[in-house]
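Working notes for the structure below.
Side chains are part of it too, since the values below use all heavy atoms of this structure and drop only hydrogens, waters and symmetry mates. Note that the structure is predicted; figures quoted are calculated from it, not measured.
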Amino acid sequence: MSDSCITLASPSEATYTEKRSRFLAYAYPIDTVEEAMAHVQALRKRYYDARHVCFAYAIGYDGETFRAVDDGEPSGTAGRPILGQIRSHNLSFTLVCVVRYFGGIQLGAAGLGQAYKLAAAAALDAAETKERVVSADIIVDADYPDVDIVMRIARDCGAEIVAQDYGATSEQLTLRIRQGMATTLQERIQKIHTLRIVS
């Protein structure tokens, strides 16, 4: 499993028109399936008179949880092209919804797939992205004279000190580090015999 992925920094939107059909595309950063479905329901309510609200999402550091929904469009013409754009933009923890207002002219399956793809791409192209990192917390118990050693190791490994609890003779430091570097940090700490990893 990867310990980082790219997601959206904030929501974005775009509009695409093809033969008088209007495609309103919305892209959102999300954490859960429930959050994705809440956005979908909100758009269905807002655009209650639209014929289709199609969507796709990918969740997880490898995009392993995903779904593509055609919402009444011919099978494979909406959800899959939208999901394809999330993947081709190398995104996860991302939802894209495309609301379609029919313009009276049939687009055909190929034209429809292309329109959903371009609408989704436009919303994602308009978005700012950011890296999302899986982190691990390591709690270290250090006698007061050794606290500086822990801080130096943390700094060298790129860990952040997120909590410090002071005891009578020692201090517990909670170090947060990206998952991929956690083992290196633990090994460095274990080499100092006076330091103790609590969890």
Check your understanding: side-chain contact (heavy atoms from CB on, under 4.5 Å) between Arg100 and Val98: does it pass, once the steps are laid out?
Key -> CA-CA 6 Å; Arg100 181 190 180 198; Val98 181; 5.6 Å; no
Check your understanding: With His52, which residues qualify under ring pair (Phe, Tyr, Trp, His ring centres under 6.0 Å), at least two apart?
Key -> none
Practice item. Please answer: with hydrophobic residues joined when any side-chain heavy atoms are less than 4.5 Å apart, are Met181 and Leu195 in the same cluster? Key: yes
Review point. Between Thr94 and Ser92, is there a donor-acceptor pair closer than 3.5 Å when you use the side chain of the first and the backbone of the second?
Key: yes
Check your understanding: Is Ile177 reachable from Ile189 through a run of hydrophobic residues whose side-chain heavy atoms are each under 4.5 Å from the next?
Key -> yes
Review point. Between Tyr144 and Tyr166, what is the ring plane arrangement, given parallel below 30°, perpendicular above 60°, and tilted in between?
Key: parallel
Study note, to complete from the structure: Between Cys54 and the options Val96, Val69, Ile82, Val40, the side-chain contact (heavy atoms from CB on, under 4.5 Å) test singles out Ile82
Practice item. Report yes if the side chains of Met37 and Glu34 come closer than 4.5 Å at any heavy-atom pair, otherwise no. Key: no
Check your understanding: Which residues satisfy the ring pair (Phe, Tyr, Trp, His ring centres under 6.0 Å) test with Tyr116, sequence neighbours excluded?
Key -> Phe23
**Study point:** Crowding at CZ, Phe66 (>12 non-hydrogen neighbours, <6.0 Å)
**Key:** no
Point to revise | Sequence-distant partners of Asp148, side-chain hydrogen bond (donor to acceptor under 3.5 Å, both in side chains), two or more places apart | key: none
Review point. So if you build clusters from Ile, Leu, Val, Met, Phe, Trp, Tyr with side-chain heavy-atom gaps below 4.5 Å, do Ile149 and Ile161 land together?
Key: yes
Review point. Shortest non-hydrogen contact from Leu8 to Lys130?
Key: O-CE, 3.9 Å
Practice item. Looking only at non-hydrogen atoms, find the nearest pair between Ile6 and Glu131 and report the distance. Key: CD1-CA, 4.1 Å
Exercise for review: For Arg188, look at atom CZ and say whether over 12 heavy atoms of other residues, nucleotides or ligands are found less than 6.0 Å away.
Suggested key: yes
Check your understanding: Are Asp137 and Thr174 close enough that a side-chain donor and a side-chain acceptor fall under 3.5 Å?
Key -> no
Review point. Given side chains that start at C-beta, do those of Phe93 and Arg132 come closer than 4.5 Å, heavy atoms only?
Key: yes
Check your understanding: Is the number of heavy atoms from other residues, nucleotides or ligands within 6.0 Å of CZ (Arg44) greater than 12?
Key -> yes
Review point. Does one hydrophobic cluster hold both Leu124 and Val99, with members joined at side-chain heavy-atom distances below 4.5 Å?
Key: no
Exercise for review: Consider only side-chain heavy atoms of I, L, V, M, F, W and Y, link residues closer than 4.5 Å, and tell whether Phe55 and Leu112 are in one cluster.
Suggested key: no
Review point. Counting heavy atoms not belonging to Glu128, are there more than 12 under 6.0 Å from its CD?
Key: no
Review point. Knowing that exactly one of Asp143, Asp141, Asp146 qualifies, which makes a side-chain hydrogen bond (donor to acceptor under 3.5 Å, both in side chains) with Thr194?
Key: Asp146
Practice item. Evaluate the side-chain contact (heavy atoms from CB on, under 4.5 Å) criterion for residues Thr77 and Leu107: first the C-alpha distance (whole Å), next the side-chain angles of each, then the deciding distance (0.1 Å), finally the verdict. Key: CA-CA 11 Å; Thr77 61; Leu107 301 180; over 6 Å; no
Exercise for review: Would you give the length of the straight line joining atom OG1 of Thr183 to atom CD1 of Ile138, rounded to the nearest 0.5 angstrom?
Suggested key: 8.0 Å
Exercise for review: Calculate, to the nearest 0.5 Å, the distance between atoms OH and CG belonging to Tyr101 and Asp49 respectively.
Suggested key: 3.5 Å
